[in-house]
Amino acid sequence: MTTQTPLTDAKSSDFQVNLSGRYKIDTIFAIATWSAIAISILVLVTLLLSVLIEGFPRLSWSFLTNFPSRKPEEAGLLSALAGTIWMMVTITAIAFPLGVGAGIYLEEFAKDSWLGRVIEININNLAGVPSIIYGLLGLQVFVRFMEPLTGGRSIISGALTLALLILPIIIVSTRESLRAIPDSLRQAGFALGATEWQVISRQVLPIAFPGILTGTILALSRAIGETAPLITIGALTFISFLPENLQSPFTVLPIQVYNWVSRPQQEFHVNSAAGIIVLMVVLLMMNGTAVLLRNKFQKQRG
Amino acid sequence: MTSDFSSSNSNLWQPNRQASKRVQFAVKTVFAIFALVSVATTIGIVLTLVFETFEFFREVSLWHFLTDTKWTPLFSSAQFGIFVLISATLMTSGIAILVALPLGLLAAICLSEYATAKTRAIIKPILEILAGVPTVVYGYFALLFVTPLLQTFIPVQGFNALSAGLVLGIMITPLVASLSEDAIYSVPQSLRDGSYALGATKRETIVSVILPAALSGIVSSVILAISRAIGETMIVTLAAGQNPRLGLNPLVPVMTMTAFIVQVSLGDTPAGSLAYKTIYAVGMTLFLITLALNIFSFWFVRRFREKYD
Amino acid sequence: MVSTNKSYVTTPEDLVTEAVLRAKDVNVYYGSNLAVRDVSLDIPYNQVVAFIGPSGCGKSTILRCFNRMNDLVASARVQGKITFHGQDLYGSGVDPVEMRRRIGMVFQKPNPFPKSIYDNVAFGARINGYTGDLDELVEDSLRKSALWDEVKDKLKDSGLALSGGQQQRLCIARAIAISPEVILMDEPCSALDPISTLKVEELIHELKQQYTIVIVTHNMQQASRVSDLTAFYNAEATETGGKVGYLVEYNRTEVIFQNPTQEATQAYVSGRFG
């Protein structure tokens with residue numbers, strides 16, 4: 001057993017491993033990563049606390065049931081709350097069938113087809129478009145172009161704009177829910193002589209439904225918190241009445257909050273903090289529903 | 001179809017195949033049309049922007065648009081130097097990414113490599129809450145909490161790019177964190193093993209092996225975050241101000257592209273007026289910048305993605 | 001098939017004095033499941049030791065105890081004693097990072113880092129504070145792993161651009177660049193084609209001049225071609241429905257393949273199960 005090495009042969013003594021120094025940097029690095037988490041949480045807590053401390057005392061029944069007013073102490077959220085609920089229903093009515101239908105088409109009918117790929121790339125691109133650009137689209141198409149139908153700066157114009165904004169999210173979550181369902185289930189259906197649609201509607205969709213619903217609610221909560229596209233289509237007006245139909249002018253919670261924040265008077269800032277609390281509670285309820293659905297769904301599958 | 005397979009009870013089976021097929025065809029067609037709505041949206045956006053921008057440039061020369069040093073479209077002696085708005089957007093987004101890149105990336109590393117499954121299960125929902133906070137709330141926070149806080153130790157004005165940028169950074173941190181975490185988490189365990197087997201410490205493994213392996217995913221998450229920051233509206237409108245000003249001083253009020261669109265939208269601007277066309281020209285600029293970022297990110301991921309099987 | 005429940009045959013007597021690594025009554029648990037039990041064997045200096053046995057017999061698990069890779073699996077727990085040059089590998093005075101520099105490892109699937117060929121080889125040396133000439137070390141390691149001639153003109157290319165066989169030799173070069181005393185190989189050829197396998201086997205022959213090698217393999221021919229000693233592991237079902245591995249027989253390779261003392265070994269090497 002002779003050792004022949006023509007070239008230099010590194011020996012253990014050629015290494016200065018310096019473990020203590022390396023471990024010191026390791027510790028600093030680990031602390032830095034934990035600090036990043038801590039800072040994020042701290043900021044969230046600060047944000048929530050600053051809003052709560054400022055706005056909580058202002059919350060009252062009359063705050064929810066009063067119309068906006070030039071006097072801060074009389075101003076309330078009624079029209080904004082009503083507008084948000086109108087928007088919620090209208091956006092769902094538009095975006096849910098469109099998004100789920102498109103998701104089913106892309107995942108079940110047009111998988112790997114030419115058209116499917118084009119639409120997929122397109123959806124990825126849409127996800128990167130700033131929301132205010134959707135506002136510009138809505139302003140031109142729904143407010144101006146289709147004014148005779150939509151009534152201009154109305155609930156339906158706003159709902160259509162936001163529906164387009166969240167459509168990609170619903171499509172993607174629908175596709176993911178459908179993808180999670182094993183192919184064996186579909187094949188079992190085909191083997192019994194069912195058409196594609198019979199298999200989808202009777203076997204696949206019922207199982208995928210909770211997942212689709214979760215994705216839709218999350219998308220909807222995104223829409224409910226949006227402000228910029230609605231300002232762009234001109235929804236920021238003084239609304240002291242309740243919407244009567246889809247062509248009514250409207251305001252929503254985030255816009256009312258924006259309105260109050262941008263006033264110089266401190267009293268309106270208090271109102272805006274209280275408005276934020278209401279908005280966050282609405283969003284929390286929606287997200288909570290989504291999480292509950294998701295957990296239930298996962299338990300069923302597990 | 002029936003005779004060959006005839007059996008004693010074949011007449012019990014009378015499926016309405018024709019009807020089923022018709023339903024299938026109808027459903028498929030309708031859903032295809034639904035899917036095309038997303039394509040129509042893109043076309044609608046592009047057509048709207050192109051049309052109004054074209055109208056805009058019939059009144060304002062592209063040269064002035066690119067070289068003017070003032071942005072005063074609503075004045076009688078109107079000037080249209082888009083770089084006035086772009087500089088403000090770059091400044092707020094730049095500050096934002098200076099906050100979000102270290103914070104988001106370190107948080108992603110922590111979640112993927114240091115946190116136990118239990119801790120992850122607690123922290124991830126918190127980051128999701130942070131990501132789900134409406135931007136108008138962040139705007140409130142920037143204007144009424146961060147700016148007064150900053151004012152206690154640096155001379156910032158009531159509206160400034162710094163506080164808008166900082167809060168913008170907080171807003172996009174969860175995006176960087178969650179997408180980067182996906183990329184880091186999906187680096188195969190075999191690479192980690194290979195590094196540890198060579199006598200690397202955890203930090204050395206993360207910095208020298210895992211992060212380079214996850215680079216394409218991390219870069220695309222950062223670009224997506226930048227593009228989100230550039231297009232963000234409410235924080236900058238509320239906290240950065242409405243003063244078009246060329247330059248990169250973060251302590252004074254400025255006006256971003258999105259803030260200008262909001263400013264015009266707040267007034268009553270009749271269609272066909274120059275101001276109306278101007279918001280589309282600004283929107284087009286915004287759209288092109290974010291599109292360029294998306295294309296770059298797409299290209300980068302394709303070019304630098306490491307393939308592991 | 002009657003298999004004995006006790007692995008009473010351990011290290012050949014005449015080799016004991018030169019042991020680099022020594023396992024004594026080692027049990028490995030994953031969570032509360034016992035994965036391997038009662039392993040005792042010695043790895044002698046500058047020999048190639050092959051671990052063979054059916055899948056699930058714990059041969060890779062034992063291999064990973066020798067450089068404490070099991071530390072990285074939160075649920076893993078090692079009982080018993082493993083010594084490296086007489087020092088307790090799991091003792092409080094041993095740092096796994098320092099220890100792994102001295103006991104290298106090559107994995108089942110080639111796992112080059114997403115870096116250049118040069119940086120792959122230099123990685124371990126850089127982090128471990130190598131004080132010599134890095135260029136020379138890289139060239140030397142690549143020569144020893146029989147890869148130099150194929151890559152000398154493209155050291156800046158990504159390690160991932162190489163073929164599977166080249167990647168595995170790159171991983172071997174990476175391992176020997178930090179001059180370990182022992183190289184652990186976990187089925188290093190299972191993902192390679194026959195020609196690449198042959199090259200790696202030739203390489204093992206070369207390397208045993210300088211290194212102690214422990215190789216886990218599924219392939220009995222490979223074990224008989226490359227190793228001086230062979231340890232045969234088997235698995236038995238537990239009452240709870242799991243599987244627990246144990247060492248059946250350990251001896252010179254020719255004895256294991258031609259004249260094993262255990263019936264199970266005979267059955268396995270003649271291809272009757274596994």
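Proteins come first, then strands; the chains are lettered A, B, ... in the order of their sequence lines, and each starts at number 1. The structure presented is a predicted model; accordingly, all values stated were derived computationally and were not measured.
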Self-check item: Among B/L106, B/T135, B/L47, residue most engaged with chain A (heavy-atom pairs, under 4.5 Å)
Solution: B/L106
Quiz prompt | Side-chain (A/N122) to main-chain (B/T42) donor-acceptor, under 3.5 angstrom | solution = no
Quiz item: Between A/I104, A/L106, A/I233, A/L218, which residue shows the highest count of heavy-atom pairs closer than 4.5 Å to chain B?
Solution: A/I104
Quiz item: For B/A115, is it the side chain, the backbone, both or neither that has a heavy atom under 4.5 Å from a heavy atom of chain A?
Solution: both
Quiz item: Less than 4.5 Å apart, any side-chain heavy atom of A/F29 and any of B/V207?
Solution: yes
Quiz item: With a 4.5 Å limit on heavy-atom distance, are the side chains of A/N124 and B/F298 in contact?
Solution: no
Quiz prompt | Smallest separation among heavy atoms of A/A102 and B/A35, with atom names | solution = CB-CA, 3.4 Å
Quiz prompt | Interatomic distance, A/L137 atom CG to B/T41 atom OG1 [nearest 0.5 angstrom] | solution = 7.0 Å
Quiz item: Minimum heavy-atom separation for A/I123 to B/S38, with atom names?
Solution: CG1-OG, 3.8 Å
Quiz item: Within a strict 4.5 Å, meaning less than it, do heavy atoms of the A/T227 and B/P134 side chains meet?
Solution: no
Self-check item: Shortest non-hydrogen contact between B/G231 and A/P130, atoms and distance
Solution: CA-CB, 3.6 Å
Exercise. Taking the side chain as every heavy atom from C-beta outward, state whether B/F51 and A/Q140 have any atom pair closer than 4.5 Å.
Key: yes
Quiz item: Can you name the one residue among B/L127, B/L130, B/I170 that meets side chain to side chain contact (heavy atoms under 4.5 Å, CB included) with A/L44?
Solution: B/L130
Practice problem: Nearest 0.5 Å please: distance from the CD1 atom of A/I37 over to the CD1 atom of B/I126. | Solution: 9.0 Å
Quiz item: If you count the non-hydrogen atoms of other residues, nucleotides and ligands that lie under 6.0 Å from CZ in A/F190, is the total more than 12?
Solution: yes
Quiz item: Which residue, B/L286, B/L49, B/I45, forms the side chain to side chain contact (heavy atoms under 4.5 Å, CB included) with A/L136?
Solution: B/L49
Exercise. Give the C-alpha distance, both sets of side-chain angles, the deciding distance and a yes or no for side-chain contact (heavy atoms from CB on, under 4.5 Å) between B/L143 and A/V261.
Key: CA-CA 8 Å; B/L143 179 70; A/V261 178; 3.8 Å; yes
Quiz prompt | Heavy-atom contact with chain B under 4.5 Å, split by part of A/L139 | solution = both
Exercise. Please state whether the side chain, the backbone, both or neither of B/A259 comes within less than 4.5 Å of a heavy atom of chain A.
Key: neither
Self-check item: Residue part contacting chain B, namely of A/S40, when any heavy atom lies under 4.5 Å
Solution: both
Self-check item: Heavy-atom check, side chain of B/T237 versus side chain of A/Y258, under 4.5 Å
Solution: yes
Practice problem: On the 0 to 90° scale, with breaks at 30° and 60°, tag the A/W197-B/F31 ring pair as parallel, tilted or perpendicular. | Solution: perpendicular
Quiz item: Do you know which of B/E204, B/E232, B/K202, B/K21 has the most heavy-atom pairs under 4.5 Å to chain A?
Solution: B/E204
Quiz item: What distance do A/I133 atom CD1 and B/T48 atom OG1 have between them, rounded to the nearest 0.5 Å?
Solution: 10.5 Å
Quiz item: Is chain B contacted by the side chain of A/P254, its backbone, both, or neither, given a heavy-atom distance below 4.5 Å?
Solution: both
Quiz item: Can you tell if the side chain of A/R22 reaches within under 4.5 Å of the side chain of B/R203, non-hydrogen atoms only?
Solution: yes
Exercise. Please determine, among B/F287, B/Y280, B/Y138, the option with the most heavy-atom pairs under 4.5 Å with chain A.
Key: B/Y280
Practice problem: Please state whether the side chain, the backbone, both or neither of A/L126 comes within less than 4.5 Å of a heavy atom of chain B. | Solution: side chain
Quiz item: Among A/S35, A/A36, A/G103, which has the most heavy-atom pairs under 4.5 Å with chain B?
Solution: A/A36
Quiz prompt | Residue, of B/V27, B/T233, B/T290, that accumulates the most heavy atom pairs under 4.5 Å with chain A | solution = B/V27
Self-check item: Residue part contacting chain B, namely of A/I25, when any heavy atom lies under 4.5 Å
Solution: both
Quiz item: Do B/Y140 and A/E54 meet the criterion of a side-chain donor-acceptor pair at a distance under 3.5 Å?
Solution: no
Exercise. Would you mind telling me which of A/I132, A/L115, A/L284 has the largest number of heavy-atom pairs within less than 4.5 Å of chain B?
Key: A/I132
Quiz item: Hey, what do you get for CD1 (B/I206) to OG1 (A/T33), rounding to the nearest 0.5 Å?
Solution: 7.5 Å
Quiz item: When you look at A/W34 and B/T119, which way does the side-chain contact (heavy atoms from CB on, under 4.5 Å) test go after all the steps?
Solution: CA-CA 11 Å; A/W34 284 107; B/T119 322; 4.0 Å; yes
Quiz item: Between A/A273 and chain B, which part of the residue has a heavy atom less than 4.5 Å away: side chain, backbone, both or neither?
Solution: both
Quiz item: Of the backbone (N, CA, C, O) and the side chain (C-beta and beyond), which part of A/A228 lies under 4.5 Å from a heavy atom of chain B, both, or neither?
Solution: both
Self-check item: Proximal component of A/F145, with respect to chain B [non-hydrogen, under 4.5 Å]
Solution: neither
Quiz prompt | Residue selection (most heavy-atom pairs with chain B, distance under 4.5 Å) from A/V17, A/L47, A/T46 | solution = A/L47
Quiz prompt | Winner by heavy-atom pair count (cut-off under 4.5 Å) against chain A, out of B/T201, B/V23, B/N294 | solution = B/T201
Self-check item: Interatomic distance, B/R22 atom CZ to A/T195 atom OG1 [nearest 0.5 angstrom]
Solution: 13.0 Å
Quiz prompt | B/E52 versus chain A, the contacting section by heavy-atom distance below 4.5 Å | solution = side chain
Quiz prompt | From B/F25 atom CZ to A/E196 atom CD, the distance as rounded to the nearest 0.5 Å | solution = 13.0 Å
Practice problem: Indicate yes or no: at least one non-hydrogen side-chain atom of A/I171 is less than 4.5 angstrom from one of B/F34. | Solution: no
Exercise. Tell me, out of B/L293, B/V262, B/L144, who's got the most heavy-atom pairs with chain A below 4.5 Å.
Key: B/L144
